[in-house]
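Working notes, beginning with the structure itself.
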Amino acid sequence: MTSTQPLPRGINALIPNTRAQATPGERAASQLLHLREATVPVPVLAAAAELIAPQLDDPDPATREAASAVHTRLLAAIEDAAPGR
């Protein structure tokens, strides 16, 4: 036998009582907003750029937006690390 809670009735049925689950893209975007600076070797930046590139076409708009922002930052960091700069 399983235990279930009764469904809300009346006005209570119209009032949400739980927060909607965040999508993976929303969680990633939230976490990436806090990333401001890191020091890592250029090959690690290049690998990270390659790993995040497939997310640029993700169906979730928040994931695409976060991936694009991070990918752009990674490419800029790689370019800035080029010799002679």
Side-chain angles (χ1 to χ4, degrees):
M1 179 182 279
T2 61
S3 168
T4 61
Q5 295 180 350
L7 294 174
R9 297 181 149 236
I11 188 86
N12 290 333
L14 301 174
I15 302 171
N17 59 1
T18 60
R19 186 179 170 286
Q21 292 289 347
T23 67
E26 290 168 335
R27 288 192 304 271
S30 174
Q31 293 167 354
L32 293 171
L33 285 175
H34 300 289
L35 180 63
R36 295 287 178 238
E37 187 175 316
T39 303
V40 296
V42 172
V44 173
L45 294 174
E50 285 186 41
L51 288 172
I52 203 164
Q55 302 310 314
L56 296 172
D57 297 324
D58 194 271
D60 178 35
T63 299
R64 282 193 315 269
E65 183 179 339
S68 177
V70 172
H71 194 256
T72 300
R73 285 187 182 186
L74 289 169
L75 294 179
I78 292 167
E79 187 176 315
D80 288 345
R85 288 189 175 243

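FYI, side chains are in, hydrogens and waters are out, and symmetry mates aren't considered; it's all heavy atoms of this structure.
L45 and L56 are assigned to two separate hydrophobic clusters, defined by single-linkage of ILVMFWY side chains at heavy-atom distances under 4.5 Å.
Residues satisfying the side-chain contact (heavy atoms from CB on, under 4.5 Å) test with P41, not counting sequence neighbours, are P43, V44.
Under the side chain to side chain donor-acceptor pair (under 3.5 Å) criterion, the residue pairs touching residues 50-60 are T23-D60, D60-T63, with sequence neighbours excluded.
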Below 3.5 Å, can you tabulate the donor-acceptor pairs from side chains in residues 68-77 to any protein atom, sequence neighbours excluded?
unit_1, atom_1, unit_2, atom_2, d
H71, NE2, A49, O, 3.4
T72, OG1, S68, O, 2.8
R73, NH1, L35, O, 2.9

